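Quantities reported herein were computed from a predicted structural model and do not represent experimental measurements. Only this structure's heavy atoms are used, side chains among them; waters, hydrogens and symmetry mates stay out.
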Amino acid sequence: MISENELIKYEPLYSVERLKSFIYSDKDTLEDIKMRYNHNVKISQTLYPALCILEVILRNSINTALKTKISKTWLEDEVKNNTLLKKDDYKLLMSAYEVTKKECASNNKTLTTGKIVANLNFGFWTNLCMKKYSADIWNKKQCFKSVFINYPNKRPEISIISQKLYAIRKLRNRVFHYEQIFKYPKKTLALYNTIIEILLYLPSDEFDVLNNNSDFLNTYNELIKLQSLV
């Protein structure tokens, strides 16, 4: 079994706690940890295109729907007079608004709604897809279908979408914080397929970013093969 002393020398670089997450059994060696760490970085890298395009299309589709179904100035209206967003989500909006305002002032640029939208994080947009917004957003005529245009069921099921987005959000946060995501490869594959599923519900990517840049499945199969040889 790898001792704490073997890992402590890496503390200034990776932290012992993080490295321990790559220990799977008492028989593991330091080389096993190094291999898994590298594999984890590699598979995380291949998830970036899918996570990126999902976040961009989701936020812009929701924003467009709210501009159409609620008001063209829904975001500006919400900043001035909170009537739609729940308390925590309104805080996220105001935080993004203040950050954007400061960025524009320091760079001598005009504050625009588009800049605020871009500064609202993935969590904000996935929160809007929760059941708590059914009455104010998703039950409005054709609002659900204007975002999830290819959803197979006629009846809007935002709670199902929300559950899937929550799982993706957890994966996204682990990837972007360089955490372990590949201890259970089949789970990682299932989450990747969930990202693809949600993307298929949304308006299609006219730039074809995912097909042009993603190598997840090839990398996944390559790493699975390498692990089976160890």
Side-chain angles (χ1 to χ4, degrees), residues 48-151 155-173 175-177 195 198-210:
Y48 178 81
L51 291 168
C52 167
I53 201 64
L54 172 63
E55 183 166 347
V56 170
I57 292 178
L58 180 69
R59 79 182 182 206
N60 287 317
S61 296
I62 294 175
N63 182 48
T64 299
L66 295 181
K67 286 167 71 175
T68 303
K69 304 299 179 182
I70 295 179
S71 166
K72 286 184 179 180
T73 57
W74 80 271
L75 196 62
E76 300 96 312
D77 297 342
E78 197 65 19
V79 168
K80 295 174 185 175
N81 185 23
N82 175 213
T83 59
L84 172 66
L85 298 175
K86 308 303 181 186
K87 184 177 179 181
D88 289 343
D89 301 322
Y90 181 67
K91 286 181 179 178
L92 290 175
L93 170 60
M94 293 309 297
S95 176
Y97 171 75
E98 293 299 334
V99 166
T100 310
K101 187 166 68 171
K102 288 178 182 177
E103 288 176 349
C104 290
S106 63
N107 292 296
N108 199 27
K109 292 184 177 180
T110 303
L111 176 64
T112 65
T113 303
K115 289 186 176 70
I116 300 171
V117 168
N119 270 343
L120 283 162
N121 62 29
F122 189 54
F124 175 84
W125 301 105
T126 57
N127 285 351
L128 289 189
C129 293
M130 295 175 71
K131 192 175 180 180
K132 62 184 178 181
Y133 286 108
S134 291
D136 292 326
I137 297 177
W138 304 110
N139 290 347
K140 290 185 179 293
K141 188 176 180 181
Q142 291 299 308
C143 192
F144 181 91
K145 203 64 177 175
S146 69
V147 175
F148 305 101
I149 62 174
N150 298 310
Y151 192 70
R155 180 169 169 264
E157 296 176 303
I158 197 62
S159 59
I160 292 176
I161 297 288
S162 178
Q163 290 171 8
K164 294 177 184 294
L165 286 174
Y166 179 73
I168 294 170
R169 177 178 168 181
K170 285 176 66 179
L171 173 67
R172 181 233 184 244
N173 289 344
V175 168
F176 281 65
H177 289 95
I195 298 172
I198 297 295
L199 280 171
L200 289 173
Y201 297 157
L202 294 165
S204 60
D205 171 21
E206 297 295 337
F207 287 3
D208 214 17
V209 172
L210 190 59

Margin query: Are there over 12 heavy-atom neighbours, none belonging to K91, within less than 6.0 Å of that residue's NZ?
Written below: no

Check: What pairs of residues pass the ring-ring contact (aromatic ring centres under 6.0 Å, His included) test when at least one of them lies in residues 122-144, not counting sequence neighbours?
Finding: W138-F148, F144-F148, F144-Y151

Margin query: Let me confirm one number: the OG-NZ distance from S134 to K140, rounded to the nearest 0.5 Å.
Written below: 12.0 Å

Check: Any donor-acceptor pair under 3.5 Å linking the side chain of S204 with the backbone of E206?
Finding: no

Next item on the list: Please check if the side chain of D205 supplies one atom and the backbone of F207 the other of a donor-acceptor pair under 3.5 Å.
Entry: yes

Item checked: Salt bridge present between E55 and R172 (N-O < 4.0 angstrom) -> yes

Next item on the list: Can you establish whether the number of heavy atoms outside Y201 located under 6.0 Å from its atom OH is more than 12?
Entry: yes

Note to self: Please find the pair of heavy atoms, one from L199 and one from A50, that lie closest to each other, and give the distance.
What the structure shows: CD1-O, 4.2 Å

Item checked: Counterpart residues, salt bridge (Lys or Arg N to Asp or Glu O under 4.0 Å), relative to E98 (two or more places apart) -> K101

Next item on the list: Starting from the C-alpha separation in whole Å, work towards a yes-or-no answer on side-chain contact (heavy atoms from CB on, under 4.5 Å) for T100 and T112.
Entry: CA-CA 9 Å; T100 310; T112 65; over 6 Å; no

Notebook entry, point to check: Distance-only, no hydrogens or angles: does the S162 side chain make a donor-acceptor pair with backbone N or O of I158 under 3.5 Å?
Noted result: no

Checklist line | Residue pair E78 / L93, side-chain heavy-atom distance below 4.5 Å | finding: yes

Notebook entry, point to check: Within a reach of under 6.0 Å around OH of Y90, are more than 12 heavy atoms found that belong to other residues, nucleotides or ligands?
Noted result: yes

Margin query: Please check: side-chain N/O of S61 versus main-chain N/O of L58, any donor-acceptor pairing under 3.5 Å?
Written below: no

Notebook entry, point to check: Between D136 and K86, does a side-chain contact (heavy atoms from CB on, under 4.5 Å) hold up when you go through it step by step?
Noted result: CA-CA 11 Å; D136 292 326; K86 308 303 181 186; 4.1 Å; yes

Margin query: Just verifying a value: how many Å separate L165 CG and K170 NZ, rounded to the nearest 0.5 Å?
Written below: 14.0 Å

Note to self: If you compare all heavy atoms of A118 against all heavy atoms of R59, which two are closest, and at what distance to 0.1 Å?
What the structure shows: O-NH1, 3.6 Å

Notebook entry, point to check: Does the side chain of L92 reach to within under 4.5 Å of the side chain of N127, using non-hydrogen atoms?
Noted result: yes

Checklist line | Test log, rule side-chain contact (heavy atoms from CB on, under 4.5 Å), inputs V147 and I161 | finding: CA-CA 11 Å; V147 175; I161 297 288; over 6 Å; no

Next item on the list: With rounding to the nearest 0.5 Å, note down the distance linking OG1 in T126 to CD1 in I168.
Entry: 9.5 Å

Note to self: Nearest 0.5 angstrom please: L120 CG to S95 OG, how far?
What the structure shows: 9.0 Å

Margin query: Quick check for you: to the nearest 0.5 Å, what is the distance between N82 atom CG and K87 atom NZ?
Written below: 11.0 Å

Next item on the list: Examine distances only and state if a side-chain atom of S106 and a backbone atom of E103 form a donor-acceptor pair shorter than 3.5 Å.
Entry: yes

Check: Are the side chains of L210 and L54 in touch, meaning some heavy atoms are under 4.5 Å apart?
Finding: no

Next item on the list: Run the numbers on I116 and L75 for side-chain contact (heavy atoms from CB on, under 4.5 Å), then give the verdict.
Entry: CA-CA 9 Å; I116 300 171; L75 196 62; 3.9 Å; yes

Next item on the list: Applying side-chain hydrogen bond (donor to acceptor under 3.5 Å, both in side chains) between T113 and each of K67, E76, K72, report the one that passes.
Entry: E76

Notebook entry, point to check: Which value, rounded to the nearest 0.5 Å, describes the distance between E157 atom CD and K131 atom NZ?
Noted result: 11.5 Å

Next item on the list: For the pair D89 (side chain) and L85 (backbone), establish whether a donor and an acceptor sit closer than 3.5 Å, ignoring hydrogens and angles.
Entry: no

